[in-house]
Amino acid sequence: MSRTSTFATSLFLLAAAFVVAGCPKPPEPGDPIDGLTDEQRQMFEDGRPIFERTFNPETGLGPLFNAASCASCHAEEASGGAGAISEIHASEELPNGFCDPLADKGGPVYQQQVTQALRDALGIDSEPIPDGASQGTRTTPDVFGFGLLDAVPNETLLEMADPDDEDGDGISGRVGRFFDGRIARFGRKALIPTLAEFNEGAFQIEQGVTTPNVPDEGTVGGDPIPDGVDPLPEPEVTAEEVAAVDAFVRFLAPPARERVSGPAERGERLFGQIGCAACHVPTLRTGDNPVDALADKEVRAYTDLLLHDMGPELADICLGAATASEFRTEPLMGLRFMNRFLHDGRASSIEEAINLHGGEAERSRNAFQGLSPTDRRALMEFLNSL
Amino acid sequence: MPGATKPALAPALAALFIVAAIAGASTATGLIADPSSAPDHLKGTIRYIDTNSGGLEVITGFHLALKIVYVHVEESTAITMEGESYPFSDLEAGDIVAVEYHEADDRKIADSIEVIESMAEGGAR
């Protein structure tokens with residue numbers, strides 16, 4: 001090898017080393033976002049074992065619950081992923097159109113499991129659902145990138161909303177609201193305003209583990225919890241443990257997109273051309289945030305975090321501001337890791353899910369069905385890269 | 001009594017430090033206290049109006065851990081919307097309200113009710 005070629009090879013290797021060192025590894029499911037301080041990274045690491053902790057009745061589980069740990073539902077690919085466990089929500093629409101979440105009858109979440117002590121006391125295997133209530137099945141979503149979604153300003157949602165379809169594009173989009181009127185974005189019906197509430201509330205709702213902000217066990221279908229079935233003093237986890245789990249979820253990175261080829265790039269263009277991107281908005285931007293790693297960041301979320309009418313075929317329950325047929329646009333971050341689709345998991349493929357879109361999405365669905373096989377494959381290749 | 005100030009200063013500073021540390025930790029993770037949990041104030045959605053006894057069932061809570069709070073309305077209760085007086089008979093299920101109340105005889109008595117958004121204009125729908 002000549003001295004010139006040796007020198008060129010050395011330069012190439014040096015340059016490659018700089019490139020590798022300068023480019024952080026794309027995040028895998030379960031990885032934290034880039035740019036955390038050492039303290040934030042430590043909180044993320046401290047939160048993971050609590051997220052993965054399996055509770056039992058002696059450590060706070062129940063008496064009603066859907067799962068014994070966060071990670072037993074949010075399990076696929078990594079802690080924080082989607083999961084196979086579903087739960088039941090119920091509500092009832094009153095004659096004036098108001099949606100009653102059945103708070104006085106144990107609603108809107110009806111836990112599917114009970115501790116042995118509650119089973120012995122009441123002879124039930126799950127929380128009873130009131131007769132006549134509308135019911136909906138909810139699958140476990142992944143929570144990757146939720147910290148970034150939480151950091152998108154409310155003003156962004158209000159700017160995208162077009163409740164009366166004033167622009168005439170057939171897509172409306174309404175902001176969800178909690179019962180106190182605050183703008184909300186988490187949950188399939190966009191009922192939970194903040195990620196902090198989403199994370200802390202799930203302890204009690206999903207595991208029956210009380211927290212400082214949810215310090216009581218609730219009821220069994222509206223009736224008091226029988227004496228003696230839950231002897232552990234409330235709250236069953238501390239504010240510090242809640243904060244650690246909040247940090248773990250908040251700092252989970254959205255999985256990096258796969259490198260895309262020509263067809264996938266064409267598929268991405270088609271995604272916009274046939275109107276999917278009107279609701280599955282490709283990019284949102286976070287605002288000011290006390291965590292630098294979450295502030296002023298672009299997030300490839302493919303959602304507008306708004307409620308849209310999805311048609312009568314998908315309708316199940318009303319909840320909060322959402323009617324029975326309205327659902328918040330599902331983020332598509334990490335879509336390639338999913339194997340059940342739509343709010344209740346009725347679709348076993350992305351293509352089946354698209355074909356079940358109705359309401360405001362009907363025009364886009366029809367356009368998808370009208371694509372040539374080649375274009376349809378390109379679109380699927382794009383979606384499978386997310 | 002100047003001499004009494006110094007011994008009190010250390011615990012006061014320690015308490016201030018603890019409060020600041022807790023507040024800082026909450027900010028770092030974005031944890032926000034539930035604004036509807038204040039003892040004499042609540043925001044929520046009217047679920048039911050008891051016209052016989054003059055009371056409201058208001059849905060409030062945290063996440064999906066919801067609860068119904070019963071608030072008694074008296075003739076002296078000021079009900080307003082956008083600063084204007086609002087008739088009790090116009091309240092309906094789905095109205096989003098902010099209630100100031102006091103407790104007496106184990107009952108929550110509304111001092112004022114502000115209609116933030118009426119069901120007729122969207123409310124909790």
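- Taking the side chain as every heavy atom from C-beta outward, Phe179(A) and Leu66(B) approach each other to under 4.5 Å.
- The most heavy-atom pairs under 4.5 Å with chain B, out of Cys318(A), Gly147(A), Ala202(A), come from Ala202(A).
- In terms of heavy-atom proximity, Phe62(B) sits nearest to Phe178(A) at N-CZ, 4.2 Å.
- Contact count against chain A (heavy-atom pairs under 4.5 Å) is highest for Ile68(B) among Val58(B), Ile68(B), Ile116(B).
- When each of Asp104(A), Leu195(A), Val214(A) is scored by its heavy-atom pairs under 4.5 Å with chain B, the top score falls to Asp104(A).
- Between Asn96(A) and Glu92(B), the closest heavy-atom pair is ND2-OE1, 3.1 Å.
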Please step through side chain to side chain contact (heavy atoms under 4.5 Å, CB included) for the pair Ile59(B) and Phe98(A), ending with a clear verdict.
CA-CA 12 Å; Ile59(B) 302 167; Phe98(A) 169 61; 3.6 Å; yes
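- A heavy-atom distance below 4.5 Å is not found between the side chains of Asp180(A) and Ile96(B).
- Under the 4.5 Å side-chain criterion, counting only non-hydrogen atoms from C-beta, Arg177(A) is in contact with Glu117(B).
- The two residues Ala103(A) and Lys67(B) have their closest heavy-atom pair at CB-N, 4.3 Å.
- Between Phe198(A) and Leu64(B) the shortest side-chain heavy-atom distance does not fall below 4.5 Å.
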